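This structure is a prediction, so every number in the text was calculated from the model and none was measured.
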Amino acid sequence: MVKNMSGFRGPNNAGGGNSGGNSGGGRTGGESEGEYRRRRKRRPMQGPGTAVAGGARSTMRRMAPVGPPKSVALPNVMTVAELAEALNTTPIAIIKELMNRKIMATINQQIDYATAAKVAEALNIPTEEKVNETLAGTLVLTAEQRQQEANDDPEAVTRPPVVTIMGHVDHGKTKLLDAIRSANVAEGEAGGITQHIGAYQIELQGRRITFLDTPGHEAFTQMRARGAQVTDIAVLVVAADDGVMPTTLEAIAHARAANVPIVVAINKIDRPDANPDRVKQQLAENGLIAESYGGDIPTVEVSARERLGIEELLEVLLLVADLQELKANPHRPASGVVIESRIDRNRGVVATVLIQTGTLNLRDVVVAGATYGRIRAMNDDRGRKARQARPSMPVEILGLLETPEAGDPVQVLVDEREARAIAEERTIQRRVGTQVNDRPVRLEDLGKQIQSGQTKELRIVIKADVQGSLGALQNAISRVTEGQQNVQLRTLLASTGAITESDVTFAATSGAIVIGFNVRPDAAAQRAASGNGVDIRFYDVIYTLVDDIEAAMKGLLEPESREVTDGYAEVRQIFKLPNRIQAAGLYVIDGRALRNDRVRVLRSGTVVHDGTVASLKRFKDDAREVASGYECGLSLDNFNDYQEGDQLEFYHIEKVAVS
């Protein structure tokens with residue numbers, strides 16, 4: 001009978017089995033407890049089935065699990081080490097797969113689920129995304145989902161409409177807001193409105209209307225880009241003496257992309273040269289047909305300076321709101337959106353929040369985007385202390401730990417620990433860039449998406465060099481959709497001039513493709529397009545553009561090559577060389593200027609030349625490339641018409657394998 005089996009040490013067996021060879025594994029006489037533990041750790045594992053012969057031990061090997069798991073659940077954010085552990089492989093294998101995808105990562109670097117899933121697919125391991133139930137309960141609903149939820153809720157009641165005023169910068173938006181606001185301040189109230197918080201409510205005939213005092217359609221789109229569509233009605237302000245301007249058309253495009261009803265306020269009717277009928281005609285030419293012309297767009301003639309037509313405008317807004325049947329349930333934990341935030345020297349973090357559903361109470365625990373806190377003070381739009389805020393009411397709240405961003409969702413939670421966990425999760429998500437709502441479609445992918453039923457609409461933004469080209473493009477594109485039943489083509493914005501960062505942001509938010517005809521993006525727009533994945537297409541022949549769109553809609557377009565922009569430079573000085581050749585002194589403002597690249601000369605965003613480099617020099621020496629922040633001299637083949645301020649775009653064509 002074996003009294004002390006190898007590998008077993010009972011509670012009182014401190015020194016058992018300490019024979020000369022210590023084959024039994026016990027502690028030797030002069031051996032400390034720590035030395036004993038380290039020796040046991042080094043010694044091969046033994047058990048009851050271990051055979052001992054001639055002082056040599058043969059160990060039993062643990063059998064590894066055969067084959068990968070059926071499906072591995074992965075979180076939406078994880079480190080490389082955590083992914084390796086979940087996939088039962090080494091971090092080196094994960095890093096190699098990431099390098100194959102041109103992603104340089106360390107063992108502690110965080111990656112998102114989409115990247116992790118591609119790595120797992122390369123290792124033949126199926127995955128699924130692990131849903132964080134706590135986080136899922138605080139996701140922002142779209143305007144349509146929120147309205148549908150309210151319609152199905154028996155406790156929902158009518159809520160005030162939320163209105164944003166948009167339009168050209170000189171057409172009286174601010175004065176109209178001031179006129180509406182001052183008309184609703186009680187005459188006996190000393191000092192009028194004591195505080196402006198970026199949003200306010202007015203009252204008419206016992207009903208309330210909430211106005212968002214935003215800088216215009218840019219802020220409107222930035223909030224939509226963060227998934228916060230808070231506006232129910234857009235008021236388009238057009239000056240009666242000035243008419244429709246390019247910025248007016250952009251505001252129309254932004255409101256249409258958001259599917260928001262439009263009410264037109266024709267301002268400055270007190271001016272002697274005011275012509276409201278001309279404004280209505282211009283609007284009709286751009287697709288907004290006034291009710292007086294047989295359309296469905298309400299128009300109101302107002303004068304912000306003389307306080308004329310203000311009450312009529314408010315009545316129209318209430319009528320449009322009634323047609324929408326806006327509802328919300330006030331008897332539930334509040335949810336809303338951040339309008340603006342700042343740090344006050346005396347009060348700390350101050351955030352303006354618009355409540356969309358439920359009721360917000362003092363001392364509630366809230367999570368706002370990637371921060372959280374308990375509300376310790378709350379003020380209404382006139383600076384008065386408030387204890388609660390109902391749907392469509394804007395309030396200032398104090399108590400958040402950090403400043404949230406405009407458009408961040410706000411949600412009331414029961415537990416502060418839960419709020420902290422959600423805030424931390426969102427912080428990680430933003431760090432790896434996973435909080436993206438609408439990814440723009442690429443023209444090559446459109447056919448596949450149509451066939452799979454993922455999309456029924458192609459949205460485009462058109463920028464052209466001159467008005468004549470723009471009109472010809474719109475006519476040609478409109479004929480593409482004739483006979484197409486699978487997909488509709490929708491032009492969100494059409495204007496002249498260079499492709500700007502604003503155009504790219506609008507396309508990213510709306511899921512659109514940008515089409516440039518004889519125009520190019522500037523450096524900021526190019527960076528924005530790369531960062532947001534916006535597809536920008538460049539053309540100088542209308543029929544090529546039409547053929548590409550037609551082929552994409554039929555699913556026939558295949559990528560064969562693509563342009564890669566290497567850098568931008570600006571012409572700072574012009575030199576005359578022998579043989580009537582001109583050279584340009586350049587400053588490289590972004591990327592690199594390469595000797596073997598092609599070069600476009602851009603003047604106010606319009607392409608004036610596209611050709612090859614004749615010479616590229618640094619001082620008197622030939623250069624193969626010049627990096628950003630350095631000066632150089634350049635001459636182009638067959639081009640001598642440089643002007644100071646011209647931008648040069650260096651690019652090359654990259655072949656793409658057709659799969």
Would you please test Thr164 and Thr231 for side-chain hydrogen bond (donor to acceptor under 3.5 Å, both in side chains) and show each step?
CA-CA 6 Å; Thr164 298; Thr231 305; 2.8 Å; yes
Side chain to side chain contact (heavy atoms under 4.5 Å, CB included) assessment of Phe639 paired with Val601
CA-CA 10 Å; Phe639 184 73; Val601 181; 3.9 Å; yes
Tell me, with the steps shown, if Tyr630 and Val588 meet side chain to side chain contact (heavy atoms under 4.5 Å, CB included).
CA-CA 6 Å; Tyr630 290 91; Val588 183; 5.5 Å; no
Starting from the C-alpha separation in whole Å, work towards a yes-or-no answer on side-chain hydrogen bond (donor to acceptor under 3.5 Å, both in side chains) for His171 and Asp242.
CA-CA 8 Å; His171 285 191; Asp242 202 11; 3.0 Å; yes
Before giving the answer on side chain to side chain contact (heavy atoms under 4.5 Å, CB included), spell out for Phe538 and Glu563 the whole-Å C-alpha distance, their side-chain angles and the decisive distance to 0.1 Å.
CA-CA 10 Å; Phe538 307 105; Glu563 284 186 10; 3.9 Å; yes
Report the C-alpha distance between Ile589 and Ser628 in whole Å, list the side-chain angles of each, state the deciding distance to 0.1 Å, and finish with yes or no for side chain to side chain contact (heavy atoms under 4.5 Å, CB included).
CA-CA 5 Å; Ile589 57 178; Ser628 174; 5.9 Å; no
Worked check of salt bridge (charged side-chain N to carboxylate O under 4.0 Å, His left out) between Arg527 and Asp590
CA-CA 10 Å; Arg527 283 194 297 269; Asp590 189 66; 3.0 Å; yes
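Ala251 and Leu236 get closest at one heavy-atom pair: CB-CD1, 3.9 Å. Of all non-hydrogen atoms in Gly516 and Ile499, the two that sit nearest each other are CA-CD1, 4.0 Å. Gly167 and Thr247 get closest at one heavy-atom pair: O-CG2, 4.2 Å. Residue Asp597 comes nearest to Asp566 through the heavy atom pair OD2-OD2, 2.5 Å, listed as atom of the first residue, atom of the second, then distance. Pro404 approaches Ala368 most closely through the heavy-atom pair CB-O, 3.9 Å.
The closest side-chain heavy-atom distance from Ile92 to Thr90 is below 4.5 Å. Residues Val514 and Arg537 form no side-chain contact, since every pair of their non-hydrogen atoms from C-beta on lies 4.5 Å or further apart. Looking only at side-chain heavy atoms (C-beta outward), Leu616 and Asp622 stay at 4.5 Å or farther from each other. A 4.5 Å side-chain heavy-atom check between Leu492 and Phe506 finds at least one atom pair inside the cut-off. Residues Val599 and Thr612 fail the side-chain proximity criterion, which asks for heavy atoms closer than 4.5 Å. Residues Lys463 and Phe517 form no side-chain contact, since every pair of their non-hydrogen atoms from C-beta on lies 4.5 Å or further apart. Put simply, the side chain of Val466 does not reach to within 4.5 Å of the side chain of Thr496, judged on heavy atoms. Proximity of Ile252 to Leu283: side-chain heavy atoms (C-beta onward) are separated by under 4.5 Å at one or more points.
The environment of Gln582 atom CD is dense: over 12 non-hydrogen atoms of other residues, nucleotides or ligands sit within 6.0 angstrom. Surrounding CD of Gln643 are more than 12 heavy atoms belonging to other residues, nucleotides or ligands, all under 6.0 Å away. Annotation for Glu128: atom CD counts as buried by contact number, over 12 foreign heavy atoms lying within 6.0 Å. The 12-atom threshold is exceeded at CZ of Arg618, counting heavy atoms of other residues, nucleotides or ligands nearer than 6.0 Å.
Put simply, CD on Glu82 and OG1 on Thr79 are 3.5 Å apart, with the number rounded to the nearest 0.5 Å. Between Leu545 atom CG and Asp540 atom CG the span is 10.5 Å, to the nearest 0.5 Å. Once rounded to the nearest 0.5 Å, the distance linking OG of Ser635 with NZ of Lys617 reads 8.5 Å. Atom CG of Leu74 is separated from atom OG1 of Thr127 by 5.5 Å, given to the nearest 0.5 angstrom. Atoms OG1 and CD, on Thr403 and Glu405 in that order, are 8.0 Å from each other to the nearest 0.5 Å. To the nearest 0.5 angstrom, Ile95 atom CD1 is 12.0 Å from Asn100 atom CG.
Checked by atom type, the side-chain pair Asp548/Tyr539 shows a donor-acceptor distance below 3.5 Å. Counting only N and O atoms by type, the side chains of Thr500 and Asp503 include a donor and acceptor under 3.5 Å apart. Side chains of Thr606 and Asp465: no donor on one and acceptor on the other come within 3.5 Å. No side-chain donor-acceptor contact under 3.5 Å links His609 and Asp641. Between the side chains of Tyr651 and Arg598, at least one donor N or O sits under 3.5 Å from an acceptor N or O.
At least one donor-acceptor pair closer than 3.5 Å links the side chain of Arg595 to the backbone N or O of Val613. Panel note: side chain Gln573, backbone Gly585; no donor-acceptor pair is recorded below 3.5 Å.
None of Gln647, Glu649, Gln526 except one satisfies the side chain to side chain donor-acceptor pair (under 3.5 Å) rule with Arg520; the exception is Glu649.
Looking at Arg426 and Asp408, no side-chain N of the basic residue comes within less than 4.0 Å of a carboxylate O on the acidic one, giving no salt bridge.
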